[in-house]
Amino acid sequence: MSYQEKKSYLNLLGGVLIPGIYFIIIFMGNPLEGLNTDEQLYFWAKSILWLIPITIALHIVVAIVFGFSNASITREKPPKSDERDQLIELKAMRNSRYMFGLGCILGLITLVTGMGVSAWFVSFVVSSALSQVIESASQLYYYKNGI
């Protein structure tokens, strides 16, 4: 298995676990029960503003630990990125952006149909997490099956 494939698997796992664990912790005890719209907006804004730096920090830590552990186990330096790697990253990023855009449109549809503010934020967060998963899965697909 190549270095890029290992990295993609790790990103895929992190893309599922980090937001999943974060929101399991956040939603313990039904914090949205009985809140008006302004309070729901405050809750969601605070939750997402905390999620962003936590996700970034955890991804950095995971990348550093992966780099050190892979180098110590295989005794090899990480390979340099070539044109094929860059093309795969671009295609995977494109797929990720399509997913995020679709999630935003679905979120707007939830607002238009009267599902409430929480439904919009849930669709926003889920589409963010899914776009990260789609990006990692696309990279794995392209590395295994070619471009």
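Residues take their numbers from the sequence shown, with the count starting at 1.
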Under the side chain to side chain contact (heavy atoms under 4.5 Å, CB included) rule, collect the residues that match up with [X], sequence neighbours excluded.
X    : value
N145 : Y141
E39  : L35, N36
R94  : K91, Y98, Y142
A129 : P19

Cluster check Y143, L10: I/L/V/M/F/W/Y, side chain < 4.5 angstrom: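 No: no chain of side-chain contacts under 4.5 Å links Y143 to L10.
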Would you say that [X] contacts [Y] through its side chain, given a criterion of any heavy-atom pair below 4.5 Å between the two side chains?
X   : Y   : result
Q4  : P79 : yes
Q86 : S81 : yes
N95 : M99 : no
K6  : T74 : yes

Could you measure the distance from the CD1 atom of I21 to the CD1 atom of I26? Nearest 0.5 Å is fine.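 It is 13.0 Å, given to the nearest 0.5 Å.
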Distance from N11 atom CG to Y9 atom OH, nearest 0.5 Å? 13.0 Å
For the backbone of S131 and the side chain of S96, can you confirm whether one donor and one acceptor N or O come within less than 3.5 Å of each other?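 Yes; at least one donor-acceptor contact below 3.5 Å.
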Pair E5, K144 - check side-chain contact (heavy atoms from CB on, under 4.5 Å), show working. CA-CA 8 Å; E5 287 179 82; K144 286 187 180 230; 3.2 Å; yes
Indicate every side-chain donor-acceptor pair of residues 46-67 with a distance under 3.5 Å to a residue at least two apart or in another chain.
{"residue": "S47", "atom": "OG", "partner": "F43", "partner atom": "O", "Å": "2.9"}
{"residue": "T55", "atom": "OG1", "partner": "L51", "partner atom": "O", "Å": "2.8"}
{"residue": "H59", "atom": "NE2", "partner": "Q132", "partner atom": "NE2", "Å": "2.8"}

Would you be so kind as to tabulate the donor-acceptor pairs closer than 3.5 Å made by side chains of residues 111-127, with sequence neighbours excluded?
{"residue": "T113", "atom": "OG1", "partner": "I109", "partner atom": "O", "Å": "3.0"}
{"residue": "T113", "atom": "OG1", "partner": "T110", "partner atom": "O", "Å": "3.2"}
{"residue": "S118", "atom": "OG", "partner": "Q40", "partner atom": "OE1", "Å": "3.2"}
{"residue": "S118", "atom": "OG", "partner": "W44", "partner atom": "NE1", "Å": "3.2"}
{"residue": "S123", "atom": "OG", "partner": "A119", "partner atom": "O", "Å": "3.4"}
{"residue": "S123", "atom": "OG", "partner": "W120", "partner atom": "O", "Å": "2.8"}
{"residue": "S127", "atom": "OG", "partner": "S123", "partner atom": "O", "Å": "3.1"}
{"residue": "S127", "atom": "OG", "partner": "F124", "partner atom": "O", "Å": "3.0"}

